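Throughout, protein chains are lettered first and strands after them, A, B, ... in sequence-line order, and every chain is numbered starting at 1. A quick note: this is a predicted structure, and the numbers were derived from the prediction, not measured.
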Amino acid sequence: MSTFIQQLINGITLGSVYALISLGYTMVYGIIKLINFAHGDIFMVGAYIAYLSVTYLKLGLIPSLIVAMAFCSVLGMLIEKFAYKPLRNSPRISALITAIGVSLLLENLMQIIMGADSRVFPRLVTEKNYYLFQGKIVVNNKQIYLLIITVFLMIILNFVVKKTKIGKAMRAVSQDMDAARLMGINVDTTISYTFAIGSALAAAAGVLVGLYYNTINPLMGVLPGLKAFIAAVFGGIGIIPGAMLGGFSLGIVETLVSGYGSSMYKDAVAFALLILILIIKPSGLLGKNIKEKV
Amino acid sequence: MFKKVISGIILIVFLLSMLAFSFASNKNVIKIGVDLELSGAVAQYGQKELDGIKLAIEEINQKGGVAGKRIELVVLDNKSDKTEAQTVAYKLAVRENVLAILGPATSGATKSASMAATKYKVPIVSPSATDDTVTVDERTGKVKSYVFRTCFNDSFQGNVMANFALKTLKAKTAAIIYDATSDYSKGLLKNFKATFEKGGGKVIAQEAFGKGEQDFSSILTKIRDKKPDVIFAPVYYDEAGLIIKQARELGMKLPILGADGFDDPKVVEKAGKKNANNVFFSAHYSSQDTDKKVQEFIKKFKTKYKQEPNAFAALGYDLGYFIADALKRANLKFDSVAKDRERLKTALENTKNFVGVTGVININKLHNAEKSAVIIELKDGVQKFKQKLNP
């Protein structure tokens, strides 16, 4: 039993990272129906920005987290403006291919600037272990930070989407872009904001991963990016609570697979899950079946 | 008309300079290729080895080179990629016409590079590919005629660590964590397991992971449940640091054993000084070795690069002298590259009692180097020389 709980803790830690990344995925998809494959690489850029601001500006955890989030939200907006906006009225496949191109661009650019070798992320918090149930279960303070920051950011996001004007505009654009435009909503600005918020969340995830594993490298975004995509589809793409649910469940499933089966199968299981959900319930766990109006 | 004349002149000048270049490179220098991991997942190995090789070749050239000629290095990066390593070996052998190829650093890359080397009959010498099948064909069991190494192999390294676990640490049970995508990791696993079980120990868990894995907490939790006496992790430095850290964070205090893949400062940086305790690994060399040759090398390396050399720098340095030694004995005639490669190959095969920084090297029938290994312990992140073991 204690092993199971320990594995559950490992899974929740991994899951909160997936959840944070997939929130950005889902928001962008929900609004402009674009699968932003560059999202995982923004996550990587976030980790590097935090690394640089810790090493050269000697910032602490929270300030470097804010710097990384600010930088990446600007980066996300720029990418949207230069790579996706000119293609807004083109077939959806063009934007998808561009997204893959942007992803490769970011990866290779970072390899040129920072080198392909992995780097050690500085220790920003003193590590501390908490032992529960006579030492059978160990919780690390970094795991607690990871969970607290993730939940905190999700609450803020929820507030922004539900209560603010910009959130209202986002919801309107996601329902019908043209109708929203007719109602006087500035669609371009709304999309820009969506990219900014989504990228900031990815950056936060990058910093937290750097903090948790102590390691960053220019290709660190590739697999988590794909996993976050699976998580978003699993929970229902375009639905924010769905992304959270998908992220946490994917993290837990992966951990249990490697804990009770073999670590070699966990990626396979993640992708099998994607295929299964697409066959059984293509709209995702929390998705509703909406009939297309003809 | 004018344009044509100009372009004609440019063309002629270009061709002449090409000719001059090719003459120059044939007459006064011996070209040696370098195929190393200078970027990518294990870039640390390649970069350090290149530092060592460059230092050695510089010294040799200052002393007048070999057979009155300077040694010229043609350095190409294989990006820590198996396929790229083969392409690089091909380029060096065919386009650059080198006499021999030094590198790659890792076993998988060396194996694929050696295919190109065998095809074009160029001697290739790896300073640190420890997998058993690097020099011997897996299927036929025959020695690959053009492939050599100047380090010990994994059967030796696996044996050393298994015996260390059994005799020094008195371990009865062991858990193994290995990278299922790495030849190095799988080779060591096999040899460790065989010796450990032959000596009365028992391997109670064997956990595989895939390339680029960062999260080992779930497999470590599983291992923690089975309560082994030691963990053996035949992995490279990137994973080694993470495994040590995550194991200690789960409250596991047992000894963690590794092989030469652990020999990098990044292991301690990633694991954290506090966690890097009770860790043992086999290595090619220790900077705490009091041997005069070792200390002299450390001094020279520090003057040139302003940092401590690690084992890979030492292996690279030895490789530079090793190839120069063979070139001297090879009786090169510079009549044709193919014939000189053949002469060099024979000289490499006959290397006996070559004294290097990492020990005395004898090349045996399997093209392996017979030499000693050291065991290093990490204590609060500092490497401590533990024991020296002979073959």
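In this structure, chain B has no heavy atom under 4.5 Å from any part of A/F121. Only the side chain of B/K245 comes within contact range of chain A, with at least one heavy atom under 4.5 Å from a heavy atom of that chain. If you measure heavy-atom distances from B/R248 to chain A, the contacts under 4.5 Å come from the backbone alone. For A/K142, the part sitting under 4.5 Å from any heavy atom of chain B is the side chain, from C-beta outward, and nothing else. Interface remark: B/K79 contributes no atoms to any contact with chain A (heavy atom separation under 4.5 Å). The contact between B/L250 and chain A is made by backbone and side chain atoms together, counting heavy-atom distances below 4.5 Å. Of the atoms belonging to B/D215, heavy atoms from both backbone and side chain fall under 4.5 Å from chain A.
Contact count against chain B (heavy-atom pairs under 4.5 Å) is highest for A/D117 among A/V257, A/D117, A/N214. Per-residue counts of heavy-atom pairs under 4.5 Å with chain A were compared for B/A180, B/S80, B/G272, B/S39; the largest is that of B/G272. In terms of non-hydrogen atom pairs under 4.5 Å with chain A, the most contact-rich of B/R224, B/Q246, B/E213, B/K274 is B/R224. The greatest number of non-hydrogen atom pairs below 4.5 Å with chain A, out of B/D238, B/L38, B/T181, B/T221, is found for B/T221.
A side-chain donor from one of B/T106 and B/E37 sits under 3.5 Å from a side-chain acceptor of the other. Donor-acceptor pairing under 3.5 Å is recorded for the side chains of B/S218 and A/S258. With no hydrogens or angles considered, no side-chain donor-acceptor pair links B/E207 and B/Y178 at under 3.5 Å. Between the side chains of A/N140 and A/N129, at least one donor N or O lies within less than 3.5 Å of an accepting N or O.
Without hydrogens or angle criteria, B/S128 side chain to B/A105 main chain gives a donor-acceptor distance under 3.5 Å. Under the 3.5 Å distance criterion, the side-chain polar atoms of B/D179 are left unmatched by any main-chain donor or acceptor of B/S185.
Residue B/K304 qualifies as enclosed at atom NZ: its count of foreign heavy atoms under 6.0 Å is above 12.
Residues of residues 40-50 of chain B lying under 4.5 angstrom from chain A, judged on non-hydrogen atoms, are B/G40, B/A41, B/A43, B/Q44 by number.
The distance between the ring centers of B/F262 and B/Y237 does not fall below 6.0 angstrom.
B/E138 and B/K111 are joined by a salt bridge, as a carboxylate oxygen and a charged side-chain nitrogen come within less than 4.0 angstrom of each other.
The aromatic rings of B/F196 and B/F192 lie parallel to each other, with less than 30° between the two planes, well short of the 60° mark. The aromatic rings of B/Y236 and B/Y184 lie parallel to each other, their planes meeting at an angle below 30°, with 60° marking the opposite boundary.
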